[in-house]
Protein chains: 2
Amino acid sequence: MVKPPACRTKLRGLLNTRLFKALGDPTRVGLLAYLAERCAPLTVNEAAQCCPIDISVVSRHLAVLRDAGVLEAAKEGREVRYSIRYPESVKLLRDLADALDGCCPINPTKRKGGKR
Amino acid sequence: MVKPPACRTKLRGLLNTRLFKALGDPTRVGLLAYLAERCAPLTVNEAAQCCPIDISVVSRHLAVLRDAGVLEAAKEGREVRYSIRYPESVKLLRDLADALDGCCPINPTKRKGGKR
DNA sequence: GCATTAGTTGCACGATTGTGCAAATATACA
DNA sequence: TGTATATTTGCACAATCGTGCAACTAATGC
């Protein structure tokens, strides 16, 4: 048994289509980038300033990103502040990169350093 | 000016919707995972063994992944061998993680190590 | 109570997408 | 040449998705 079976299930588990589906729309990544640039939790109204679309659409897009695990919502009074889940998002991307990198033993990307 | 504008353009540039669109379909990620598990370039026929769908659909999906930059195609005679572009894919995921991680100065994911 | 503001949800419509079948293209072999 | 195999492409259809409008819910202030 040459190929480690652990990496398979890990890679399969990390390849969550819901996340990529969420990031597959230009309006949504525009919202995500806007949130990242503003460096602060934004309300739906504030996030809507990023692009000329209806507030209801923005609300739906933010909900999609929240369901995908990229954002988290915090209700404050009558407004909701959406913020990026940095630790989880970054970790997921790094884990995915590591899983893809370490899946094939004869991988040309073979890093010279350690695990991290 | 507190927030570095360099990270913005970097993040925007890395948030390529075509890549995420390609990874947003379960059949395509199934093909990608199958390629990763087999640890070798596969023909369309071989890749089609991963799931019970028509070969033409597999061909189209592989083309989508190729156009997204995840796979590369090498024509050998009358068959085409698709393989994962490990270095580029892994680097893109790591760059995206770094860009997201380093975008906001007051980022809770604040890494203890250096830049890389 | 009523009015206002913030956000979500129902509905409809147009656009995109995934799929299978058949036809077309390309390469190898007799 | 003709035949067989591998892959791609045209076409049609169903399903999903993004969008805007209106209606609805929730919370604040009069």
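FYI, side chains are in, hydrogens and waters are out, and symmetry mates aren't considered; it's all heavy atoms of this structure. Model, not experiment: these values are computed from the prediction.
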Starting at atom CD of B/Q49, determine the distance to atom P of D/dA6, rounded to an integer number of angstrom.
-> 11 Å
Between B/Y82 and D/dT8, is there a side-chain N or O to OP1/OP2 distance below 4.0 Å?
-> yes
Mark up nucleotides 20-30 of chain D, 5' to 3', with B wherever a protein heavy atom is under 4.0 angstrom from a base atom, S wherever such an atom reaches only the sugar-phosphate, and - elsewhere.
-> BBB---SBB--
How long is the gap from CG on A/L31 to SG on A/C50, to the nearest 0.5 Å?
-> 4.0 Å
Here the distance between atom P of D/dG18 and atom CG of A/L23, to the nearest Å, is 12 Å
In terms of heavy-atom contacts, B/L71 and B/R85 come closest through O-CD, 3.4 Å
Please step through side chain to side chain contact (heavy atoms under 4.5 Å, CB included) for the pair A/Y82 and A/V44, ending with a clear verdict.
-> CA-CA 7 Å; A/Y82 284 91; A/V44 179; 3.7 Å; yes
Looking only at heavy atoms, what is the nearest atom pair of A/S56 and A/D54, with distance?
-> OG-OD2, 2.8 Å
Compare side-chain N and O positions of A/H61 against OP1 and OP2 of D/dT19 and report whether any pair is under 4.0 Å apart.
-> yes
Given A/N45 and A/T43, is the side chain to side chain donor-acceptor pair (under 3.5 Å) satisfied, shown in steps?
-> CA-CA 5 Å; A/N45 261 298; A/T43 66; 5.5 Å; no
Verify the contact: side-chain N or O of B/N45 to OP1 or OP2 of D/dT7, cut-off strictly under 4.0 Å; return yes or no.
-> yes
How many angstroms lie between atom CG of A/L62 and atom CZ of A/R81, to the nearest 0.5 angstrom?
-> 12.5 Å
Closest-nucleotide ordering on DNA chain D, the 5'-leading residue of B/L62 and A/T27 | B/L62
B/D25 has an atom CG; how far is it from atom P of D/dT16, in whole Å?
-> 12 Å
Nearest-angstrom distance from the residue atom CD of B/E46 to P of D/dT5 = 16 Å
Minimal heavy-atom distance between A/L100 and B/S89, with the atoms involved, is CD2-CB, 3.7 Å
Touch check for A/R28, heavy atoms < 4.0 angstrom, all strands: base, sugar-phosphate only, or nothing?
-> sugar-phosphate
Is it true that a side-chain atom of B/R28 and a backbone atom of B/K21 form a donor plus acceptor pair closer than 3.5 Å?
-> yes
Where is the tightest heavy-atom contact between A/C104 and B/Y86, given as atom of each residue plus distance?
-> CB-OH, 3.7 Å
Chain A vs DNA chain C, heavy-atom contacts under 4.0 Å, first-to-last nucleotide span, 5' to 3', is C/dT4 to C/dC11
